[in-house]
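In what follows, a structure is listed as structure tokens, so that the remarks can point back to it.
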There are 2 protein chains.
Amino acid sequence: MNDHSVHVQCGECPIRHRAVCARCETDELAKLEQIKYYRSFQAGQTIIWSGDRMEFVGSVVTGIATLTQTMEDGRRQMVGLLLPSDFVGRPGRATAAFDVTATTDLVMCCFRKKPFEDLMATTPHVAQRLLEMTLDELDAAREWMLLLGRKTAREKIASLISIIARRDAALHLKRASGKLSVVLPLTREEMADYLGLTLETVSRQISALKKEGVISLEGNRHVQIPDLDRLLEEAGDDSDGGMLV
Amino acid sequence: MNDHSVHVQCGECPIRHRAVCARCETDELAKLEQIKYYRSFQAGQTIIWSGDRMEFVGSVVTGIATLTQTMEDGRRQMVGLLLPSDFVGRPGRATAAFDVTATTDLVMCCFRKKPFEDLMATTPHVAQRLLEMTLDELDAAREWMLLLGRKTAREKIASLISIIARRDAALHLKRASGKLSVVLPLTREEMADYLGLTLETVSRQISALKKEGVISLEGNRHVQIPDLDRLLEEAGDDSDGGMLV
DNA sequence: GGTACTCCTTGACCCAGATCAATCGACAGG
DNA sequence: CCTGTCGATTGATCTGGGTCAAGGAGTACC
């Protein structure tokens with residue numbers, strides 16, 4: 001779209017907001033600084049319920065949040081995983097479409113929606129940048145549809161681990177030198193909700209992958225990946241070609 | 001975002017393009033007219049392969065197209081269904097992320113990508129309108145994730161029929177007066193690919209819904225819905241409340 | 001120490017939906 | 001007319017992952 005891919009590093013935020021572009025919006029930054037504020041949430045706290053009025057947009061600074069959908073009888077499906085630097089909120093939308101929950105302690109950098117939308121209306125690059133991000137999310141959602149609709153439980157688990165590894169590597173800007181290892185940011189139940197499985201099946205498949213040496217575990221959350229290509233093969237992804245990011 | 005919800009009716013196109021907004025862009029319409037052209041495709045023809053360079057964006061004028069993803073071993077998942085007035089293409093993206101296929105004979109109204117992007121850069125409302133549409137698609141994709149991950153085969157079928165009924169009603173701007181009836185635009189196999197099932201299961205579940213009077217069939221494709229609320233209940237959707245659109 | 005959490009693992013059994021296979025109807029071509 | 005093709009239906013059987021249930025491991029608090 002344009003090559004202004006440098007992202008805004010705003011004030012004291014430890015993250016770069018992916019929503020706005022630094023090179024062309026330097027004079028707009030002051031406006032953003034004026035309307036921004038921070039909010040903290042505790043692990044387990046619901047940030048917004050589906051259908052609630054949503055008065056802000058923002059980025060995750062630290063911690064993990066999830067987007068989930070629940071049927072009346074309690075069946076749940078996670079439809080989004082929000083890691084640091086991910087954008088939350090829908091400019092042009094009054095209400096949230098899904099439940100947003102903090103699964104760990106969480107800090108967000110928020111902008112009140114109205115002034116943010118005003119900014120968007122006057123600076124075309126912000127809307128374009130947001131469009132680009134939304135298209136990325138849409139692509140990710142569609143990849144996830146393949147996983148939910150067609151992959152086996154084992155492939156689902158392998159996919160989840162490799163996706164977390166990929167996003168982790170992107171986040172820390174490090175190409176893993178030696179052994180690749182990841183911390184799973186979710187409980188078995190949350191993984192199950194993301195993958196369209198039960199927590200028992202998640203546990204069994206993780207055990208199986210461990211037994212066969214595809215991964216190894218240290219504690220419940222810490223996963224080592226001795227051979228990334230092997231894991232990607234188990235995930236059934238074509239042409240991911242081992243490239244992280 | 002803004003209330004300019006009137007859509008462009010461009011030239012001889014029988015549809016209103018949802019991508020651009022008439023009220024505020026009247027002087028931009030001429031530019032769109034200059035760069036637009038039509039393309040026809042035959043039923044079964046692939047419009048773009050995933051990974052191909054994509055030189056245009058556009059809207060479906062008549063016919064049906066699908067977005068699909070295929071694994072090396074042949075497992076397929078449909079990730080999008082494109083009906084007339086739906087937008088195709090990704091401004092700011094060089095290549096297609098999924099296969100786009102015409103499932104019926106199809107006419108599209110296209111705009112070459114470069115000039116369209118230029119237009120977008122100079123007229124903020126176009127980018128905003130596109131963002132709005134992309135957010136809609138993202139919502140739809142996430143609803144679909146709930147379907148793929150958690151619904152039973154019967155619920156999936158009922159959901160598909162009610163979604164087609166809804167979009168049909170929106171398209172024809174008619175609130176069905178008497179009996180509600182829909183033409184399924186997909187073969188059983190295509191439905192299966194959309195729902196993450198096999199074609200046999202699709203067939204069986206349709207037969208079951210018919211036997212129990214939830215729907216009735218005339219030929220293979222024509223479905224009558226005697227009681228929409230009953231169908232929505234079978235679909236497991238909460239709070240859809242029977243409102244079409 | 002004991003008790004009570006929460007999260008995870010493992011086993012035994014079952015069933016919804018996949019798989020394999022036969023049949024049917026509609027329609028086109030020779 | 002027969003023959004072939006394509007989509008749909010229906011039956012018989014199998015199996016991956018769900019369900020139910022019983023521990024185990026870690027941690028916090030009394």
Side-chain angles (χ1 to χ4, degrees), chain A residues 42-45 64 66 71 73-77 101 103-105 147-161 183-212 215-223 234 236, chain B residues 42-44 64 71 73-77 103-104 147-161 183-212 215-223 234 236:
Chain A
Q42 295 178 346
Q45 196 178 347
I64 312 264
T66 62
M71 297 172 68
D73 61 6
R75 282 176 282 174
R76 291 162 138 288
Q77 177 65 48
T101 312
T103 58
T104 65
D105 289 343
L147 178 143
L148 290 172
R150 295 301 185 194
K151 289 192 178 178
T152 64
R154 167 185 268 251
E155 289 169 337
K156 286 178 176 183
I157 297 289
S159 296
L160 179 63
I161 294 172
V183 176
L184 300 175
L186 302 172
T187 65
R188 299 290 185 263
E189 185 173 18
E190 286 161 347
M191 289 190 232
D193 285 343
Y194 205 176
L195 299 169
L197 299 171
T198 59
L199 70 93
E200 293 94 331
T201 301
V202 170
S203 181
R204 270 187 260 268
Q205 295 298 334
I206 288 180
S207 298
L209 288 175
K210 180 174 130 196
K211 197 170 299 173
E212 294 167 40
I215 58 171
S216 61
L217 286 183
E218 195 171 308
N220 288 327
R221 300 293 194 95
H222 208 100
V223 177
E234 293 286 353
Chain B
Q42 294 177 350
I64 311 265
M71 298 172 68
D73 62 5
R75 281 175 281 175
R76 291 162 138 290
Q77 178 64 49
T103 56
T104 65
L147 178 143
L148 290 172
R150 295 301 186 194
K151 289 192 178 179
T152 64
R154 166 185 269 252
E155 289 168 338
K156 286 178 177 183
I157 297 289
S159 295
L160 180 62
I161 294 172
V183 176
L184 300 174
L186 303 171
T187 64
R188 299 288 185 265
E189 185 172 19
E190 287 161 346
M191 290 191 233
D193 285 344
Y194 205 0
L195 299 169
L197 298 170
T198 59
L199 70 92
E200 292 94 331
T201 301
V202 170
S203 181
R204 270 186 257 271
Q205 294 299 334
I206 288 179
S207 298
L209 288 175
K210 179 174 130 197
K211 196 169 301 173
E212 294 168 38
I215 58 172
S216 61
L217 286 183
E218 195 171 308
N220 287 328
R221 300 293 194 95
H222 208 99
V223 177
E234 293 287 351

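Lettering of chains follows the sequences in order, A, B, ..., and the numbering in each one begins at 1.
- With rounding to whole Å, B:Arg75 atom CZ is found 13 Å from C:dA18 atom P.
- A pairwise comparison of heavy atoms in B:Gly236 and A:Met71 identifies O-CE, 3.6 Å as the closest pair.
- The CG atom of A:Asp193 sits 13 Å away from the P atom of C:dC7 (whole-angstrom rounding).
- Across the protein-nucleic acid pair, B:His222 atom NE2 and D:dG7 atom P stand 21 Å apart, rounded to whole Å.
- Between B:Leu148 and B:Lys156, the closest heavy-atom pair is O-NZ, 3.9 Å.
- Atom CD of B:Gln205 and atom C1' of C:dC15 are 13 Å apart (whole Å).
- Side-chain contact between A:Met191 and A:Leu197 is absent, with no heavy-atom pair separated by less than 4.5 Å.
- Counting only distance, with no hydrogens or angles, the side chain of B:Arg154 and the backbone of B:Ile206 share no donor-acceptor pair below 3.5 Å.
- Counting non-hydrogen atoms of other residues, nucleotides and ligands closer than 6.0 Å to CZ of A:Arg76 gives a total of 12 or fewer.
- Atom C1' of nucleotide D:dT9 and atom CD1 of B:Ile157 are separated by 14 Å, given to the nearest angstrom.
- Put simply, CG on A:Leu148 is 20 Å from P on D:dG16, counting in whole angstrom units.
- Residue-level contact check: A:Gly44 touches neither bases nor backbone, having no heavy atom under 4.0 Å from any strand.
- Between the side chain of B:Gln77 and the backbone N or O of B:Tyr194, at least one donor-acceptor pair lies under 3.5 Å.
- For the residue pair A:Arg221 and A:Thr187, the shortest heavy atom distance occurs at NH2-CG2, 3.4 Å.
- Proximity of A:Thr198 to the phosphate of D:dG18: a side-chain N or O atom is located under 4.0 Å from OP1 or OP2.
- With rounding to whole Å, B:Leu197 atom CG is found 11 Å from C:dT19 atom P.
- In this structure, B:Glu155 places its CD atom 9 Å from P of C:dG17, rounding to the nearest Å.
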Could you write out each protein N or O paired with an N or O of nucleotides 8-10 of chain C at a distance under 3.5 Å?
residue, atom, partner, partner atom, Å
C:dC8, OP2, A:Arg188, N, 2.8
C:dC8, O3', A:Asn220, OD1, 3.4
C:dT9, OP1, A:Arg188, NH2, 3.3
C:dT9, OP2, A:Arg188, NE, 2.7
C:dT9, OP2, A:Ser203, OG, 2.8
C:dT9, O5', A:Ser203, OG, 3.2
C:dT10, OP2, A:Ser207, OG, 2.8

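- When all heavy atoms of B:Thr103 and B:Ala43 are compared, the closest pair comes out as O-CB, 3.9 Å.
- Here the CG-CD1 distance, from B:Leu184 to B:Ile161, works out to 6.0 Å after rounding to the nearest 0.5 Å.
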Could you write out each protein N or O paired with an N or O of nucleotides 22-26 of chain C at a distance under 3.5 Å?
none

